[in-house]
Every structure is written in structure tokens, then in C-alpha cells.
Number of protein chains: 2
Amino acid sequence: MASLGELERAVMDLLWETQEAVTANTLRDLLAQRPSQGEEAKELAVTTVLTVLSRLEKKGLVERERGIRPHRYQAVTSRAEHTAELMHEVLGTATDREAVLARFIGSVSDGEAATLRKLLGRD
Amino acid sequence: MASLGELERAVMDLLWETQEAVTANTLRDLLAQRPSQGEEAKELAVTTVLTVLSRLEKKGLVERERGIRPHRYQAVTSRAEHTAELMHEVLGTATDREAVLARFIGSVSDGEAATLRKLLGRD
DNA sequence: AACTAACTTCTACGGAGTGTAGAACAATTT
DNA sequence: AAATTGTTCTACACTCCGTAGAAGTTAGTT
């Protein structure tokens, strides 16, 4: 259960940008200013945003504060963390993990290769 | 257009294992011996397998030889290559690629870290 | 307390993707 | 030509996602 729809993705992106916990109304407004891709951004109904947030909560990506009345939502993990998890999920528990990694780093930019070297430390 | 269904995945796994081009009937038989997960493996109709193969062909993951009569199907890329592509897709074109890589590397096994060091070459 | 405004949950529907396979059509074998 | 084998078409049910109105709940106002 990993993939997100387009709107779900847009919401997560906003939650990842604004590190704070925000309300559904705020998100609706933020979404309205965001022409997702070529498409004119139209005002969504708040219930739409709420539905999406509920689904994201069920998926474990979003956490909500139920105490205060306009509930506030925030991402459970950072985007980087989430993406890294996804990458591991894709890598999987296969027997050929190393082969995959070989192909993977084969097409990584030079700069990123350098970063990786730094992160891995010299032996 | 990256994700696969459960049956599609099972078919791809078989095509990746048997490096050869195989027929739909062969695949049906192979699938029958494969209890996907806890579930008792039942015999699927050949048309089911054919439908899945067509869809995989449309997705560019499978190639078929139309010359001979029982068409033969094979994977276009190796599993390792495909998985590596998926990983890049997940990594995406975000601004925080390096942050993602950092998290990713952080949870890679020691042996794999060593492999990566080797692949990246010492500086 | 009753009323109202804001907010949340429930229910729903249409479209896309997937698993599944029969019906109809095409080619090969006997 | 008839029978067999193989492929394509069509179809349906189920899940996920975008979308939102209807109904229910909470809080603020009179």
C-alpha cells in the first residue's frame, strides 16, 4: 500500500513543505493557488480535502490532532524519509538486491555519487 | 505508469526467472505450481494469462514474438534493471534528492554498503 | 436553552486499473 | 472440411481515487 493518487500526492507535498500542522481549510486554499500541472487550479470543496486527509491518515502518512476543533493535520514523516522508505520497499527482499543496487548507482549523477561516497565513508 | 497488480507481478517474476521466451500455456502451468502467498494456487484460464500479458506488453515490460503460432513472451528488461528504474522513479526530480539518498543509505545492510563502496569506486 | 455557524463524518458516484474468463474469431493439424 | 488449438474482444466485479452533497456534531451567539 504505497502509491498515492494525484491529489493525495499534492496534499502530502504541501504538508511536507509547511512543516506545521494545518487545517483542511488552509490546505484547500493552498491547493487552490497551486496549478498542479498545466491544469488551472480550481477551488475544491473542503469535504474533498477532508476525505483525502482521512485516507492519508488511514495509510499512516498523516496524523491529526483531534483535540482542537478545526482538526490539524501534519505529515508523519518527512518527505525524504518517506521517499527513502519507498525506495527500500521497491528494492524489496529479493535475492538480487546487489544487482539492483549496481544498476541503480550506475545511473546516478556524478555529484550524487560523490555524496554517496561521503555518506558511506571510506573503507 | 509503474505499479503492477499481484498477478501481473507474478507473471513478471516468472518471466524474469526463466530467461527464455515462453508461451501463455507454459506460464499458466508455472503459475499453478506457485502458491502466491498462503493462497492455494488454482489453475487460471489461459485467457486470463493472455490478458495480463497483453497489458504488460502495453506497459512496455513484455515483448512477444508474433511470428510463431503459440506466441512467446519474454521480459524486456531484467528484474534488476527494472527495479533500479523504479527506484530512480521514486527518487524523482525533487530538490532533496541528496537528503533522500542519505536516509536511504542509512538503512542499508553492511554488506550492501560495502558493495556500494566498491561500485562507486574509492576516491 | 434555542439558534446558528463551523466543522466532521457518512454515503455516493464515476472513472481507471486489475483479476478473471467466456464468446467470438483466426490459424493449424488431422 | 472438420476439429483442435490459439488469440482477440467483450465484459463484469472489485478496489482505489477524485469529488462532493447530506447528515450529524460541536461550539459560539442571542
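Sequence lines set the chain letters: A, B, ... in the order given, protein chains first and strands last, and positions in each chain run from 1. All of these numbers come straight from a predicted model, not from anything done at the bench.
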Using atom [atom1] of [X] as one end and atom [atom2] of [N] as the other, report the distance to the nearest whole Å.
X: B:Leu56; N: C:dG17; atom1: CG; atom2: P; result: 14 Å
X: B:Leu50; N: D:dT5; atom1: CG; atom2: C1'; result: 12 Å
X: A:Glu65; N: C:dT8; atom1: CD; atom2: P; result: 12 Å

Just so I know, are the side chains of [X] and [Y] near enough to count as touching, which here means a heavy-atom distance under 4.5 Å?
X: A:Leu120; Y: B:Val108; value: no
X: A:Val100; Y: B:Arg79; value: no
X: B:Leu30; Y: B:Glu17; value: no
X: B:Leu101; Y: B:Leu91; value: yes

Is there a donor-acceptor contact under 3.5 Å from the side chain of B:Arg97 to the main chain of B:Thr93?
no
So among A:Val62, A:Leu53, A:Val52, which one has a side-chain contact (heavy atoms from CB on, under 4.5 Å) with A:Glu8?
A:Val52
When every nucleotide of nucleotides 18-30 of chain D is labelled 5' to 3' by its protein contacts under 4.0 Å (heavy atoms), B for base, S for sugar-phosphate only, - for none, what sequence of letters results?
BBBBB--BSS---
Need the bend value for the helix from C:dA1-D:dT30 to C:dT30-D:dA1: angle between end axes, 5 pairs each end, nearest 10°.
10°
Choose from D:dG6, C:dT9, D:dT7 the nucleotide whose nearest atom is closest to any side-chain atom of B:His71.
D:dT7
Quick one: ring pair (Phe, Tyr, Trp, His ring centres under 6.0 Å) pairs with a partner in residues 61-87 of chain B, sequence neighbours left out?
B:Trp16-B:His82
Any [X] side-chain N or O less than 4.0 Å from OP1/OP2 of [N]:
X: A:Lys58; N: D:dC17; answer: no
X: B:Asn25; N: D:dG6; answer: yes
X: A:Arg64; N: C:dT9; answer: yes

Using a strict 4.0 Å threshold on nitrogen-to-oxygen distance, state whether A:Glu98 and B:Lys118 make a salt bridge.
no
